[in-house]
Protein chains: 2
Amino acid sequence: MESMTIAVDAMGGDHAPQAVIEGVAEALAAENRSEPFRIILVGREKEIQKELRKYPRANRNRIDIVDAREAISMKDHLLTYWRKRTDTSIHKAIELVKNSRAQAMISAGNTGAVMAVAKTVLGSLPHIDRPALSVMVPTLKGSALVLDVGANSDSKPHNLVEFALMGKIYLETIHGIHNPRIGLMNIGEEEAKGNELTKAAHAMLKNVPSLNFIGNVEGRDIHLGEADLIVTDGFTGNITLKVTEGVMDTLLPMLRREIMGNLLAKIGLFFLNKSLNRISRRMDYAETGGALLLGVNGIVIIGHGRSSPRAIRNAIHLGCRFISNHVQEKIGSEIEALQRTLTELKYG
Amino acid sequence: MESMTIAVDAMGGDHAPQAVIEGVAEALAAENRSEPFRIILVGREKEIQKELRKYPRANRNRIDIVDAREAISMKDHLLTYWRKRTDTSIHKAIELVKNSRAQAMISAGNTGAVMAVAKTVLGSLPHIDRPALSVMVPTLKGSALVLDVGANSDSKPHNLVEFALMGKIYLETIHGIHNPRIGLMNIGEEEAKGNELTKAAHAMLKNVPSLNFIGNVEGRDIHLGEADLIVTDGFTGNITLKVTEGVMDTLLPMLRREIMGNLLAKIGLFFLNKSLNRISRRMDYAETGGALLLGVNGIVIIGHGRSSPRAIRNAIHLGCRFISNHVQEKIGSEIEALQRTLTELKYG
């Protein structure tokens with residue numbers, strides 16, 4: 001049996017370390033499979049010890065602690081500074097993956113910092129030019145994987161082909177979606193539409209036989225579930241994600257404001273509350289376990305800053321399935337097999 | 001008194017010609033100002049005549065009809081073909097502006113076709129490199145103007161400065177917002193964030209003294225109302241708009257599905273219905289009167305395909321205010337005054 005150890009950044013997220021450690025305790029308590037995993041909590045040891053005392057039934061002998069004195073705040077933007085500091089919880093957790101003491105790392109901390117440190121410390125998988133941040137977004141029909149949502153600011157056409165391949169393997173392996181429908185985010189359905197990047201990427205994507213490329217998808221198609229996998233550059237993907245959050249965050253206050261001026265509506269809200277909460281949970285990608293930094297040489301899962309204990313627990317289970325299903329190895333071998341096609345497409 | 005004649009594409013939109021002509025009739029009936037306007041309906045004359053008979057009280061002597069045999073369908077993508085056909089309702093309506101028989105044109109038809117024909121027939125205002133499609137989007141604090149939402153696929157940094165200037169004049173003149181706060185759509189608040197385009201555009205925008213540039217805004221800030229005016233390239237802007245529509249269109253069916261499985265929620269919905277409808281109207285930019293193609297040499301207002309009679313009426317009033325407030329002339333003179341600054345910024 002394979003060893004599975006997951007390094008968890010105890011200091012990452014708006015409700016750290018409480019929410020993180022509660023999630024870890026829940027994951028260990030719920031775990032009843034034949035492949036047990038271990039957790040290494042990384043952060044200020046005293047705070048971690050204190051929190052752990054709240055969970056006397058958590059399986060303490062499957063938890064290790066690695067002390068890290070510094071924590072990068074959620075709002076910190078001095079990434080060039082932090083990239084060089086090795087005593088942060090993010091850095092130390094990633095180092096554990098680098099040194100094979102852990103097979104995956106999870107942080108609900110500063111996304112920019114986790115990506116920067118992971119890229120620096122772990123580097124990319126062989127033959128991968130650019131890693132990509134991917135998230136599952138809810139759709140009318142279920143959910144769809146979108147990448148890149150912010151690992152890169154500028155992309156080249158062949159990067160989008162790499163994103164498609166990595167996303168495909170992830171969906172096939174972890175979500176059991178065979179030959180997922182891959183769409184290219186664009187501003188029109190026809191092949192000739194788009195900016196320079198999408199036009200060139202379209203031409204490449206349709207010439208990779210191993211990809212089930214269904215063509216361009218528009219902004220409104222994502223949430224309607226027209227594709228299982230949507231590739232885009234990190235700039236566009238990031239804006240897509242943030243706009244989605246913004247609309248959600250605008251609708252609820254608007255609803256509340258409307259309702260406060262209307263007695264009948266207040267009564268209605270009382271009855272509807274549960275349904276609204278369920279939808280807002282479904283739309284909240286924080287609940288789905290996190291974003292994956294695909295393409296770095298190690299498994300890195302980034303939780304939303306608002307991560308609840310449940311989200312942390314989901315992220316841990318996702319990490320376990322990533323390890324036991326050998327997703328990294330599959331990406332490695334498929335991207336290698338694609339090299340000749342990619343070179344031909346790039347240089348004619 | 002200035003003459004105000006508005007050419008209206010009678011064949012444009014999902015509910016044409018009915019909804020368009022109903023909107024025109026309403027606008028003429030409601031009009032009670034000192035500056036009367038005339039309408040030229042452009043489209044299949046017989047159909048228009050038949051529809052007009054429904055509105056015996058519409059001021060028929062203020063309506064002219066220009067016959068156009070062809071109508072470009074909403075889904076048509078053969079823009080290179082249509083650009084050359086001169087007997088479409090879109091082309092003939094734009095020709096009326098070109099020949100000064102009308103001072104503005106309105107179409108709720110195929111947005112791509114209207115933009116393509118307008119750019120070809122009217123050309124740009126002097127000193128404007130690229131026109132931009134702009135829409136008002138609702139925010140928690142009111143509304144914000146976003147441009148470009150799709151007139152261009154690729155933009156240069158100085159285009160975004162032009163967009164900012166055109167949007168500023170529009171907001172000041174039509175909406176009475178003095179010195180509007182201008183944000184640059186980006187993937188982080190810090191100046192150093194973004195792709196090549198936004199980094200270069202940021203550097204230019206902050207050096208134009210006449211613009212109240214507040215820096216980068218992120219995808220979620222738009223709907224929160226952090227800026228009055230948001231500039232972006234047409235690719236990103238188009239995706240922003242479509243994602244917003246997609247989230248809205250996903251939420252309501254989800255809500256309905258949740259509710260169908262729950263009696264209490266059904267009762268709640270009954271009481272809440274009015275509030276929900278009000279919000280969904282507020283979020284629907286079709287209701288705000290349409291999108292403006294700023295920067296072409298003529299006033300072109302493009303209604304959403306779903307335009308209701310009310311939206312058409314709003315678009316007509318918007319056209320009138322554009323004409324009587326000399327927005328085009330103001331854009332022309334301010335962009336001319338900016339030329340030296342722009343040249344310095346472009347070439348160092």
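Below, read A as the first sequence line, B as the second, and so on, with proteins coming before strands; counting in each chain starts at 1.
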B:Glu226: side chain to side chain donor-acceptor pair (under 3.5 Å) partners, not counting sequence neighbours: none
Members of residues 229-237 of chain A whose heavy atoms come closer than 4.5 Å to chain B: A:Phe235, A:Thr236
Positions in residues 147-162 of chain A that reach chain B, provided some heavy atom is under 4.5 Å away: A:Ser153, A:Asp154
Distance-only donor-acceptor check, side chains B:Asn186 and B:His202, under 3.5 Å: no
Short side-chain donor-acceptor distance under 3.5 Å, B:Ser308 and B:His15: no
B:Asp221 versus chain A, the contacting section by heavy-atom distance below 4.5 Å: neither
Which pair of heavy atoms, one from [X] and one from [Y], lies closest together, and at what distance?
| X | Y | answer |
| --- | --- | --- |
| B:Ser143 | B:Met136 | OG-CE, 3.2 Å |
| B:Ala227 | B:Ile214 | CB-CD1, 3.9 Å |
| B:Gly194 | B:Ile187 | CA-CG1, 4.0 Å |

Check: A:Met115 and A:Val300 side chains under 4.5 Å, non-hydrogen atoms: no
Residues that A:Asp228 engages under side-chain contact (heavy atoms from CB on, under 4.5 Å), provided they are two or more places apart: A:Leu171, A:Ile177, A:Pro180, A:Arg181
Which of B:Gly188, B:Gly219, B:Gly246 touches chain A most, by non-hydrogen pairs under 4.5 Å: B:Gly219
Approximate separation, where rounding is to 0.5 Å, of B:Asn216 CG and B:Lys193 NZ: 9.5 Å
Any donor-acceptor pair under 3.5 Å from B:Thr120 side chain to B:Ala116 backbone: yes
